[in-house]
Protein chains: 2
Amino acid sequence: MNSATAVSPANIAFIKFWGKTDSNQNIPYNDSMSMNLSGCLTTTTVEFDPRLDDDRIVINKFEASGSGKQRVVRILDIVRREAGMGLKAKVESANNFPTASGIASSAAAFSALAMAASTAAGLTLSKRELSRLARLGSGSACRSIFDGFVYWKGGKDDRTSYAYQLAPVTHWDLWDIVAVVAKESKKASSTQGHSVATSSPYFRQRQRGLPLRIKQMKEAMLKKDFPKFGRLLEEEAVDLHVMAMTSRPPIFYWNSGTMEVMKKIREWREEGKEAYFTMDAGANVHVICRAKDEAEINQRLGRIAGIESTIVNKPGRGTWLI
Amino acid sequence: MNSATAVSPANIAFIKFWGKTDSNQNIPYNDSMSMNLSGCLTTTTVEFDPRLDDDRIVINKFEASGSGKQRVVRILDIVRREAGMGLKAKVESANNFPTASGIASSAAAFSALAMAASTAAGLTLSKRELSRLARLGSGSACRSIFDGFVYWKGGKDDRTSYAYQLAPVTHWDLWDIVAVVAKESKKASSTQGHSVATSSPYFRQRQRGLPLRIKQMKEAMLKKDFPKFGRLLEEEAVDLHVMAMTSRPPIFYWNSGTMEVMKKIREWREEGKEAYFTMDAGANVHVICRAKDEAEINQRLGRIAGIESTIVNKPGRGTWLI
């Protein structure tokens with residue numbers, strides 16, 4: 001048994017990961033918070049095979065090469081070293097949602113990879129160890145390992161930077177309707193964004209303000225205070241894009257569809273239909289609402305011209321083996 | 001002769017006026033820079049008339065009342081006091097461009113009013129005095145008094161806060177094509193925006209950075225270094241909206257059309273067609289280009305679905321009497 005298959009969710013950050021103190025180990029400037037997305041999944045199979053001369057990485061049916069392949073091989077190498085073996089692997093990975101468009105596809109991918117590769121190699125890692133391993137592939141992947149609502153303690157090095165669960169899937173009936181306004185890959189990757197994050201004249205001030213916002217959001221989340229949670233959520237979402245738009249060179253992720261959805265959500269709130277927006281580093285809008293309003297809001301989103309499709313998510317479980 | 005008619009241009013701010021140290025006298029936190037717009041004009045007639053019991057203010061054919069009227073009456077009162085007379089006035093004012101939609105209609109209106117009212121009252125004010133009088137009606141109106149490219153020295157009180165000319169109309173063949181993406185009045189007035197400006201956590205950092213940006217932009221403008229000028233122009237435009245979106249409560253002026261035009265302009269630059277964007281506190285985009293590219297860019301703008309119309313402007317002369 002040199003093979004394992006893992007499924008893992010993307011996650012939506014309520015508090016964003018933006019800027020790294022160590023870009024090799026993916027150590028963030030700040031702690032972050034997220035919810036796993038039940039409907040945005042990556043399935044990854046890793047098989048170590050003595051017949052292979054080289055690692056083969058197939059992502060969404062395409063053979064990866066270059067830096068895309070190297071990011072995966074790095075994780076395989078760590079697993080091989082840990083397991084004391086040298087077999088090459090075939091990795092097959094597929095998303096059920098559009099890649100590189102503001103849905104954290106790399107989070108789902110590297111958390112699934114961490115679990116599938118370590119299991120296939122015969123390792124038994126704790127969830128914290130899995131979280132750290134996933135983080136080395138893509139920072140926010142460390143948050144996808146745990147069920148439900150998750151906190152990433154940024155830490156200061158590889159040992160101290162890992163995620164843990166804040167609340168289980170059943171804690172709060174928050175739904176995330178992803179309004180897909182851009183299926184194409186975005187122009188600037190998150191990696192590029194991170195690399196220029198500190199060039200924003202506002203980055204330091206953001207860091208100063210974050211501990212209070214994190215504390216307040218954690219409280220609002222645990223108390224299920226939706227209006228307070230939503231206000232902080234939108235402030236943080238705008239803040240991420242403020243950092244991007246004021247970095248040198250500036251990065252613009254929003255498009256016309258993004259603006260339209262943001263505007264509608266504010267209008268709907270004025271009418272008493274409560275939903276809030278957030279976005280990761282991309283154009284798609286994550287519309288956060290209560291379960292009771294999901295059908296109505298999804299229907300309204302469907303009537304907005306710029307929206308290509310929606311993906312409805314409940315709080316999702318973390319990475320699992322199948 | 002108790003009557004006078006003045007025509008005055010709107011202006012587009014290259015460095016923005018955002019936040020007031022004195023909201024009664026309209027003293028700004030920072031200096032600003034602008035160009036007058038040849039195609040966005042207000043024509044205002046003031047007639048002091050012994051038969052009137054009260055001031056009558058007619059703006060775009062509608063009789064003004066309440067706070068809109070009060071802002072005009074305040075200027076008339078200053079003029080009457082200065083001229084030592086007490087006659088009531090009829091004021092008739094009309095724009096040739098949409099009101100309150102990101103084109104600085106109040107700048108054109110109050111500069112025209114300052115000149116028409118003071119002339120009708122028999123006063124002979126210097127341009128600096130006119131600039132200060134216009135400023136009391138609407139801050140940025142002080143910049144519309146002078147021909148071409150204008151600088152507003154923010155100052156610290158009524159006496160020291162006034163505009164002056166940086167360069168004449170003929171200095172540079174910069175054109176401003178206003179892409180009108182929103183003809184409706186905006187939800188938050190500039191006045192509201194100013195009142196919450198300092199609540200942005202980034203306002204102080206903006207103030208710290210402005211002197212260098214202003215210095216660089218003034219240099220780029222005087223040397224006609226378009227790429228450098230354009231980069232600074234866009235940074236400043238984004239900065240204004242960053243302040244608005246991060247104030248408490250946040251203000252969002254951009255709409256889907258705004259985003260679409262910004263994106264196109266960046267794409268056109270990549271193709272070698274050089275234009276830059278800026279916006280005031282509104283959704284409309286001011287597309288700044290060289291005279292030689294105006295026809296092509298205006299045509300391209302016309303093909304963008306979200307654009308209702310365009311207004312083509314050269315550097316405009318300041319307020320004049322007709």
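Quick note on labels: first sequence line is chain A, next is B, and so on, each numbered from 1. Below, each value reflects all heavy atoms present in this structure, side chains not excepted, and no hydrogens, waters or symmetry copies.
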Structural part of R206(B) lying under 4.5 Å from a heavy atom of chain A: both

V238(A)/F252(B) under side chain to side chain contact (heavy atoms under 4.5 Å, CB included): CA gap, chis, key distance, verdict: CA-CA 10 Å; V238(A) 168; F252(B) 296 88; 3.8 Å; yes

Heavy atoms from other residues, nucleotides or ligands near NZ of K223(B) exceed 12 (cutoff 6.0 Å): no

Heavy atoms of other groups near K20(A) NZ, more than 12 under 6.0 Å: yes

Gap separating the CE atom of M259(A) from the CD atom of E260(B), nearest 0.5 angstrom: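 It is 12.5 Å, given to the nearest 0.5 Å.
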
Using non-hydrogen atoms and a 4.5 Å limit, figure out which bit of [X] sits close to chain B: side chain, backbone, both or neither.
X       : value
Q205(A) : both
P250(A) : neither
R208(A) : neither

Between R204(B), R266(B), M245(B), the one whose heavy-atom pairs under 4.5 Å with chain A are most numerous: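 Going by pairs under 4.5 Å, I would pick R266(B).
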
Aromatic ring pairing W254(B)/W254(A), orientation class (parallel under 30°, perpendicular over 60°, tilted between): perpendicular

